[in-house]
Every structure is written in structure tokens, then in C-alpha cells.
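Following: one structure in C-alpha cells, then a few remarks.
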Amino acid sequence: MDNPVTPKNKHIYLLPNLLTTCGMFAGFYAILAAANGQFEHACIAVFIAALFDGVDGRVARLTGTSSEFGVQYDSLADLVSFGVAPALVMYHWALVNMKADGTMLGKIGWAAAFLYMACAALRLARFNTQVGIVDKRWFIGLNSPSSAGMMMAFVWSMNEFWSGESLRYFALAITVSCGLLMVSRFKYTSFKGGPKEDVKNDRVPFWVILLIVAILIALFVLREKALLAVAALYALSGPAMWLYSKIVRKPVE
């Protein structure tokens, strides 16, 4: 009898996977906070999860502790933090109130939340299958952390002035739009621009550094309003680039 094939890499490294776990915990906390009506805390928790998500992969590469286990674990954690958590936060904040307009609209409210979660799962699965195939300078479809950022920035900004009940239809439109953008074919810059050989080293152009500094200053002054503006501009950049290529630019033979 032939011996079973053993995986090439069975190692589970502590540091990057611990960071991934911290991000997933933040997403889980966001779900609990939203269920208790603490929407600001829930939104902040999702942004904290995005921070951990941006760090764990780079730490793994810098320390040489990347593994297939870590890649798959990161995707599962992302589904919790950027799929389930934003959908439930938006549902508890606004979409649940659609049942006051009728049974059918109440079903549409929770169906929109499920649609967002399902699109996040599909987006993550597609990303995993395209690793090493697509140009790393671009995301195909809005990436799940940016989509979750758009959702949570909207809730965080609007919750200060209006209730979710009064904005339930705006929330419905944003939830469906963010979900569909994740599974779209629109191209979004990954901010790893430059030649392909630079992408391998995770180098970024100088203008990205200046942009990050400007965003940090805006976040310090305006906080959630700046987050909403940045998230909205990035979410709209994909459709805008597509329209530009179709209307303005001439097709290259």
C-alpha cells in the first residue's frame, strides 16, 4: 500500500496567526456590540480588524513565516470580520426596521444583509483561486476590507445625527451596492503599483506615502467623516475607471 502524501508545509506559525486571531476577535466583538445597540463600538471594532488584517500578512512575509494554513485561516477570519460582522451591524442598525413597513420589506432587509455576507464569501473564495494568476497591482472587485469600511463608516457617521430607522432605505442601497461591487469585475488599485518585479517586494510608489500621510491627518481631524469620504471615493473608483476606459479612452488595437 502506498504511503499517504504528506503536506509540504505543516508548520503553524504563532505570530502572524495570532494577529489574524486578534482581527477575528475584533469582528466577533463587533457582532456582539451591534446586538447590544453599541454601534459606534461595533464600527470601531471592524476598523481594528482591518488594521490587523493589513498587518498579519506583511509580518508573515517579513519574518518568513508564511504558510498555506495562514492563508486559509486569514480568509476565514476575513469572512467573520468583513462579511458577517458588517452585515449584522447594518442589519441591527437599520435594516431590521424595514419590517415596520410590511412583512415583505422586512424580508428584503434581512435578505440584503445575507446578500452582502454571501458576496463577501464569494469575493474571498475568488481571491484565493486567483492568487499568483492576476496582476497584484489590481483587485478584481472591491476587496472585502474596503467594502466593510464603507459600510461601517456610513453607520458610524450617520449614527451621530440620524437613527438607522430613518435611513433604512439608504442603508439597504449601500448594503446591496457594496455586496455587488465585491463580486463585480471592476478593477481597483491595490496601491502596490509599479513594475511587476516591485510588486513581489511589496514596494509602493512615493505618492502613496504622501496620500497615506494626508489621510492620517484627515482621520485625526474628522475621524469617521474622513473614513466615509475615503471609503466612498475608493468604492466609486472602480466603476469610474471602467467608465473612463469605455467612454474617454480609445480602444487599443
Side-chain angles (χ1 to χ4, degrees), residues 7 9 12-13 16-31 34 42-43 45-61 65-91 110-155 174-192 199 202 231 234-235 237-239:
N9 190 347
I12 299 176
Y13 297 101
N17 292 303
L18 179 61
L19 294 172
T20 302
T21 303
C22 290
M24 184 166 57
F25 173 79
F28 179 73
Y29 175 80
I31 296 172
C43 295
V46 173
F47 282 110
I48 291 175
L51 180 63
F52 279 112
D53 181 65
V55 170
D56 58 2
R58 290 185 179 273
V59 169
R61 289 189 291 272
T65 54
S66 299
S67 65
E68 182 62 25
F69 174 88
V71 172
Q72 300 304 323
Y73 184 46
D74 182 70
S75 292
L76 294 174
D78 286 353
L79 179 58
V80 174
S81 300
F82 310 128
V84 180
L88 291 179
V89 172
M90 186 67 84
Y91 177 77
W110 65 255
F114 174 76
L115 173 68
Y116 177 89
M117 185 188 69
C119 288
L122 292 170
R123 172 68 178 81
L124 291 165
R126 185 175 69 182
F127 177 81
N128 286 346
T129 60
Q130 291 179 342
V131 171
I133 300 176
V134 299
D135 192 339
K136 291 185 178 180
R137 292 174 295 177
W138 304 97
F139 294 125
I140 305 301
L142 183 63
N143 60 82
S144 57
S146 297
S147 181
M150 176 64 195
M151 297 265 287
M152 297 301 93
F154 176 77
V155 174
I174 288 177
T175 301
V176 173
S177 298
C178 287
L180 295 180
L181 283 175
M182 282 191 288
V183 295
S184 70
R185 301 297 299 177
F186 294 132
K187 293 174 65 175
Y188 290 86
T189 179
S190 66
F191 297 102
K192 297 179 182 178
V199 174
D202 286 340
Y234 185 71
S237 66

Applying side chain to side chain donor-acceptor pair (under 3.5 Å), name anything that partners [X], two or more places apart in sequence or on another chain.
X	result
Thr175	none
Ser146	Asn143
Thr20	Asp56
Ser237	none

*asked:* Give me each pair satisfying side-chain hydrogen bond (donor to acceptor under 3.5 Å, both in side chains) with a member in residues 76-89, each pair once, sequence neighbours excluded.
replied: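 Residue pairs passing side-chain hydrogen bond (donor to acceptor under 3.5 Å, both in side chains), neighbours aside: none found.
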Which pair of non-hydrogen atoms, one from [X] and one from [Y], has the smallest distance, and what is that distance?
X	Y	value
Asn17	Gly70	OD1-CA, 3.5 Å
Ala45	Ala30	CB-CB, 3.9 Å
Gly149	Phe47	O-CZ, 3.6 Å
Ile31	Ala85	CG1-CA, 3.7 Å
Val183	Arg126	O-NH1, 3.4 Å

State the [atom1]-[atom2] distance between [X] and [Y], to the nearest 0.5 angstrom.
X	Y	atom1	atom2	result
Arg123	Leu180	CZ	CG	14.0 Å
Thr21	Phe28	OG1	CZ	13.5 Å
Leu181	Met150	CG	CE	9.5 Å
Cys22	Leu18	SG	CG	4.5 Å
Cys178	Met152	SG	CE	9.0 Å
Tyr73	Ser67	OH	OG	11.5 Å

[X]: which residues meet the side chain to side chain contact (heavy atoms under 4.5 Å, CB included) condition with it, sequence neighbours left out?
X	answer
Ala121	Leu79
Ser144	Phe82, Leu124, Met182
Ala34	Phe39, Ala42, Val89, His92
Val59	Leu15, Leu19, Val55, Thr63

Please identify each residue that fulfils ring pair (Phe, Tyr, Trp, His ring centres under 6.0 Å) with [X], with sequence neighbours left out.
X	value
Phe154	Trp93
Phe52	none
Tyr188	Tyr234

Side chains of Leu88 and Met117: closer than 4.5 Å at any heavy-atom pair?
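Leu88 vs Met117: side chains apart.
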| Trp138/Thr189 under side chain to side chain contact (heavy atoms under 4.5 Å, CB included): CA gap, chis, key distance, verdict | CA-CA 5 Å; Trp138 304 97; Thr189 179; 4.0 Å; yes
query = Counting N and O atoms only, with roles assigned by atom type, does the side chain of Tyr116 sit under 3.5 Å from a partner on the main chain of Ala148, one being a donor and the other an acceptor?
reply =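 Yes: the side chain of Tyr116 pairs with the backbone of Ala148.
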